[in-house]
Amino acid sequence: MLEFKPITIETVEELLPFAKEQQTRSCDYTPGNLVMWARFMNYKYAISDDTLFIECKSQSDLQSEAYLAPIGKMSLSESVALLQAHCNETGKELRLTAVPQEFVTELQGLLPDFECTELENWSDYVYDIQKLSTLQGKALNKKRNRYNKFIAEQPSYSYSRCTHNDIKDVINFLAANRECQHNREDNMRCYEQWQCMATVRNLLKYEQPAGIIRINGKIAAFTLGEIFGDTLFVHIEKADHNIAGASEAINRMFVNDILSQHPELVYANREEDLGDPGLRQVKRAYNPVMMIQRYEMYKK
């Protein structure tokens, strides 16, 4: 039987090797995403034969238990068989959630009596990172104009990597600009905003690249991500909406900063929109080159 343990900031070192070797660009397997959403999604992990198993809530039904598709050294047929045996021993029903599109065909062959449905609102937006770095082209004309407006109207701005000395200011910025003013963890938007602050507090424990823009010394925008394979995963991006173009500026400057050290990167994954109309409009406006669909698999 698999022994699952809670995912915390202290478990990142165990998760990192699997994130580096994963065969999908889905954000679900990145340590930053797993730690940030651990309490909301009840993420737990087990490692067996150099293979990572993750237990969580179903993305289609947050009241149901489910599992991510295992990743690691074991073949998918072996790891799914082990997961099925675990469910049989514990009296649980095998349900797979957030299944990346690349895994679906093989899993359907292994689990022929399982239904497979696409998870609405959970698809990752993936972009050409070079285009994000320049904002060139007709499709990005509005984004480029807003960026140029920011540069013209904010001559005193400065961009820099976030360091220990910036953490207090970043947390105050995130607290002042949060839309949700209460701390109910059953509210996804509220949870996300409070966890952004928790992630920043732990920035030095787990070195994730993060960038800030200051105007006259005051923080106007903040972003944070991770790098795995050919992809930059952007987990957090917050900007003062009263400052025109601040969001476009932090996005472009951070991407250029990362590319200066990692010119091999091809994509930027800016994650899902969770069905939020405003967020969906923003993400579509950056002209994604692909969407990473997620699926739910369960017994018919």
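It should be emphasised that the depicted structure is a prediction, and the values quoted were computed from it without experimental measurement.
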Answer yes or no: is there a side-chain heavy-atom contact under 4.5 Å between [X] and [Y]?
X    : Y    : value
R25  : F228 : no
Y67  : L96  : yes
N251 : K143 : no
I258 : P209 : yes
I250 : Y159 : yes
Q108 : F114 : no
Q293 : L119 : no
E296 : S64  : no

- Message: Does either side chain, that of E78 or that of S75, offer a donor lying less than 3.5 Å from an acceptor on the other one?
- Response: yes
- Looking only at side chains, do T24 and Q22 share a donor and an acceptor under 3.5 Å apart?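 No donor-acceptor contact under 3.5 Å links the two side chains.
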Considering non-hydrogen atoms only, spot the tightest contact between [X] and [Y] and give its length.
X    : Y    : answer
I292 : S26  : CD1-N, 3.8 Å
L83  : L68  : CD2-O, 4.5 Å
F222 : A210 : CE1-CB, 3.8 Å
L76  : P70  : CD1-O, 3.8 Å
Y127 : L132 : CB-CD1, 3.8 Å
T223 : I236 : OG1-O, 2.7 Å

Checking [X] side chain against [Y] main chain: does a donor-acceptor pair fall under 3.5 Å?
X    : Y    : value
Y295 : F103 : no
D124 : C27  : yes
S58  : E65  : no

Does [atom1] in [X] sit with more than 12 non-hydrogen atoms of other residues, nucleotides or ligands closer than 6.0 Å?
X    : atom1 : value
K73  : NZ    : no
K44  : NZ    : no
Q23  : CD    : no
E115 : CD    : yes

Verify the cluster assignment for [X] and [Y]: are they in a single hydrophobic cluster under the rule of side-chain heavy atoms below 4.5 Å apart?
X    : Y    : answer
I9   : W194 : yes
Y29  : V266 : no
M253 : L265 : yes

- Query: Can the ring centroids of Y286 and Y125 be said to lie less than 6.0 angstrom from one another?
  - Reply: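 Centroid separation for Y286 and Y125: 6.0 Å or greater.
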- Taking the six-membered ring for Trp, is the centroid-to-centroid distance between H86 and F4 below 6.0 Å?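 Ring centroids of H86 and F4 are less than 6.0 Å from each other.
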- Message: Let's go through C116 and V104 carefully: what are the C-alpha distance in whole Å and the side-chain angles of both, what is the deciding distance for side-chain contact (heavy atoms from CB on, under 4.5 Å) to 0.1 Å, and is it a yes or a no?
- Response: CA-CA 8 Å; C116 182; V104 168; 3.9 Å; yes
- Task: Using side chain to side chain contact (heavy atoms under 4.5 Å, CB included) as the criterion, point out the one residue from N177, L174, I219 that pairs with K238.
- Result: L174
- Please work out whether the ring planes of H235 and F233 are parallel, tilted or perpendicular, with thresholds of 30° and 60°. parallel
- Show the numbers, then the answer: is there a side-chain contact (heavy atoms from CB on, under 4.5 Å) between D28 and Q59? CA-CA 11 Å; D28 287 294; Q59 289 186 354; 3.4 Å; yes
- Message: What's the separation between atom NZ in K131 and atom CD1 in I129, rounded to the nearest 0.5 Å?
- Response: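 Here the interatomic distance stands at 13.5 Å.
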- Dump the intermediate steps for side chain to side chain donor-acceptor pair (under 3.5 Å) on N269 and T231, then the final yes or no. CA-CA 7 Å; N269 181 329; T231 303; over 6 Å; no
- Message: Does F53 form a side-chain contact (heavy atoms from CB on, under 4.5 Å) with L82? I'd like the steps, not just the answer.
- Response: CA-CA 10 Å; F53 298 82; L82 181 56; 3.7 Å; yes
- Task: Report the C-alpha separation of K218 and D240 in whole Å, then their side-chain angles, then the decisive distance to 0.1 Å, and conclude whether the salt bridge (Lys or Arg N to Asp or Glu O under 4.0 Å) test is met.
- Result: CA-CA 11 Å; K218 184 179 178 181; D240 186 338; 5.7 Å; no
- Quick one: salt bridge (charged side-chain N to carboxylate O under 4.0 Å, His left out) pairs with a partner in residues 254-268, sequence neighbours left out?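 Counting only pairs at least two positions apart or across chains, the salt bridge (charged side-chain N to carboxylate O under 4.0 Å, His left out) contacts touching residues 254-268 are R161-D257.
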